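Naming convention: chains lettered A, B, ... in sequence-line order (proteins, then strands); numbering from 1 in each chain. Computed from a predicted model, the values in this text were never measured in an experiment.
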There are 2 protein chains.
Amino acid sequence: MDGTPTEETEPEKTANAPQKGTVTQRAIEQIKAMIAEGRLEPGQRLPTERDLAVQLGISRSSMREAIRALTVLGVLEARHGSGIYVTLLEAGDLLETFGVVADLSRGPRLVELLEVRRILESTATALAAARITGDQLVEVEKHLTAMNATEDPEEILAHDLAFHREIAAAAGNETMAAILEGLSSRTFRARVWRGYQEEGAFARTRREHAAIHRALVAHDPEAARAAAAAHVGEVEQWLRAQLTP
Amino acid sequence: MDGTPTEETEPEKTANAPQKGTVTQRAIEQIKAMIAEGRLEPGQRLPTERDLAVQLGISRSSMREAIRALTVLGVLEARHGSGIYVTLLEAGDLLETFGVVADLSRGPRLVELLEVRRILESTATALAAARITGDQLVEVEKHLTAMNATEDPEEILAHDLAFHREIAAAAGNETMAAILEGLSSRTFRARVWRGYQEEGAFARTRREHAAIHRALVAHDPEAARAAAAAHVGEVEQWLRAQLTP
DNA sequence: ATCACTGATGTGGTCCGACCACTACGGTCG
DNA sequence: CGACCGTAGTGGTCGGACCACATCAGTGAT
């Protein structure tokens with residue numbers, strides 16, 4: 001596209017970043033900056049990979065790496081045959097990567113993660129108790145009864161996740177809900193649950209869920225906070241004990 | 001490896017993932033799985049890009065995209081001329097991406113982020129009050145006095161960040177500290193601070209910091225929790241008011 | 001024997017060009 | 001008018017080439 005090769009061979013200083021780090025890293029920062037500055041709106045479609053590469057003066061390969069990076073971060077979304085789009089940049093999009101932390105953590109850090117979850121979950125449950133509507137409560141109860149009606153561990157886990165997800169949603173803070181979602185990612189809980197439930201913790205779990213539900217119905221934030229903290233705290237203490245046998 | 005070009009054209013079912021999603025996405029999952037299963041230890045060096053590509057049966061280009069993705073997630077680290085290494089997988093490594101959320105969030109979500117920070121920061125400060133050592137307290141005081149001794153906004157911000165970072169570290173939960181670090185990322189606070197401090201909030205900020213420090217010295221968790229919650233809450237309320245003028 | 005220099009080697013970083021797989025859109029045909 | 005189909009454009013993949021950098025063994029002077 002350049003045409004006349006007599007263009008500035010010397011590095012242009014037109015308010016552009018000179019040269020720091022790899023070109024791919026630079027491209028990532030530039031696209032991020034474009035979004036942060038509002039030059040790219042959520043949901044908007046970007047130019048093609050080829051055009052973008054030309055615009056930033058890099059090869060398509062490097063541009064693809066930059067796009068891939070922003071894709072896994074939940075900032076961009078590539079649709080085969082259609083184009084590249086900015087995501088809606090909602091909490092869920094950007095915090096999806098949180099699950100990776102939970103998946104790759106082991107030992108002491110699992111306890112730390114549960115501690116964070118206990119803090120956030122108890123607060124979220126308290127907020128939910130104050131704000132939850134009738135419809136939302138029905139949804140919570142649906143998963144609660146379904147969870148108690150089956151013996152299939154997989155199904156129990158699924159409804160357990162949904163139970164807490166509905167509560168987090170009722171708290172009215174999408175960001176907090178998204179973080180808790182990542183903190184309860186499938187593989188994370190599956191690893192902990194396996195051992196925990198094998199000790200006949202089903203009954204205790206049901207009792208704790210019932211206590212949380214009771215607090216929600218009563219719109220009692222303090223009771224809800226205590227119940228949720230105790231619920232997560234039980235698992236936390238069990239896991240803590242597992243690490244020091 | 002197989003040699004004979006009479007290779008099975010039909011999809012191989014040798015316990016391998018058949019074909020879902022892009023090859024790059026598959027490679028990302030496979031490497032993640034290798035780490036999760038312990039086949040790759042933290043700090044360990046991986047085979048070369050070229051070898052890895054051959055092992056997973058994909059091109060080097062696709063492998064590079066996978067590596068780039070895991071790099072931005074803080075799972076891998078590429079050193080030019082040396083090789084690719086698994087990071088130490090510490091909380092700070094994996095939660096670095098949290099800063100992206102703060103950088104790209106605007107409007108209502110900024111309030112939500114501050115709400116999350118208020119919850120975590122207040123708890124972390126409470127924990128710190130109970131556990132902080134003399135040395136750690138000295139470090140905190142260093143930033144406190146330095147912050148009050150200058151008028152340069154940039155320097156104030158830097159010491160402010162360090163002040164809270166030291167407290168979070170004293171709480172003894174690296175994961176929580178890493179999340180708070182992301183929630184206080186430079187660009188995030190710079191955007192909010194700009195307007196907040198222009199209203200002569202310096203004095204108030206100093207008073208709040210002094211209150212937090214007093215609670216730490218007294219080893220009074222409840223006072224620390226209240227002071228930290230009020231500190232963040234002030235900014236939170238100010239920002240909330242800005243959004244509904 | 002010790003140390004600084006130097007070269008070769010291997011690694012990640014970048015670029016290019018080609019082709020494939022899929023989507024979207026428009027025209028055609030029933 | 002609607003279903004079908006072909007085409008152009010897009011992201012996805014591949015292979016090869018070259019560059020920039022780190023590392024280390026070998027060399028040489030001290």
Partner residues of A:F163 under the ring-ring contact (aromatic ring centres under 6.0 Å, His included) criterion, sequence neighbours left out: A:H209
Apply side chain to side chain donor-acceptor pair (under 3.5 Å) to A:T145 and list each qualifying residue two or more places apart in sequence or on a separate chain. none
For A:R60 and B:E49, find the nucleotide of DNA chain C closest to each by heavy atoms; which residue's nucleotide sits nearer the 5' end? B:E49
salt_bridge(A:E65, A:R68) N-O dist < 4.0 Å: no
Is it the case that atom CD in B:E96 sees more than 12 heavy atoms from other parts of the structure closer than 6.0 Å? no
Give, ordered by number, those residues of residues 63-77 of chain B having at least one heavy-atom distance below 4.0 Å to an atom of DNA chain D; if nothing qualifies, reply none. none
With A:E166, which residues qualify under side chain to side chain donor-acceptor pair (under 3.5 Å), at least two apart? none
Need to verify one output field. Residue with the more 5' nearest nucleotide on DNA chain D, B:R50 or B:G57? B:G57
A:E154: side chain to side chain donor-acceptor pair (under 3.5 Å) partners, not counting sequence neighbours: none
Five-pair end axes of the helix from C:dA1-D:dT30 to C:dG30-D:dC1, angle between them (10°): 0°
Using the heavy-atom set of chain B and a strict 4.0 Å cut-off, write down the first and last nucleotide of DNA chain C that makes it in, 5' to 3'. C:dG10 to C:dT14
In residues 69-82 of chain B, what donor-acceptor pairs under 3.5 Å come from side-chain atoms, sequence neighbours left out?
residue : atom : partner : partner atom : Å
B:T71   : OG1  : B:I67   : O            : 2.7
B:S82   : OG   : B:Y85   : OH           : 2.7

Pick the nucleotide of DNA chain C nearest each of A:S61 and A:G81; which residue has the one closer to the 5' end? A:S61
Checking B:E174 now: which residues fulfil side chain to side chain donor-acceptor pair (under 3.5 Å) with it, not counting sequence neighbours? none
Relative to the ring of A:H159, is the ring of A:H143 parallel (under 30°), tilted (30 to 60°) or perpendicular (over 60°)? tilted
Keeping the roles fixed (side chain from B:S62, backbone from B:I58), state whether a donor-acceptor pair exists under 3.5 Å. no
Min and max contacting nt of DNA chain D in 5' to 3' order, chain A heavy atoms within under 4.0 angstrom, are D:dG9 to D:dT13
Using the test salt bridge (Lys or Arg N to Asp or Glu O under 4.0 Å), find all partners of A:E112 that sit at least two apart in sequence or belong to another chain. none
Any salt bridge (charged side-chain N to carboxylate O under 4.0 Å, His left out) pairs touching residues 185-196 of chain B, not counting sequence neighbours? B:D160-B:R189
If the threshold is 4.0 Å, N to carboxylate O, is there a salt bridge linking A:E29 and A:R26? no
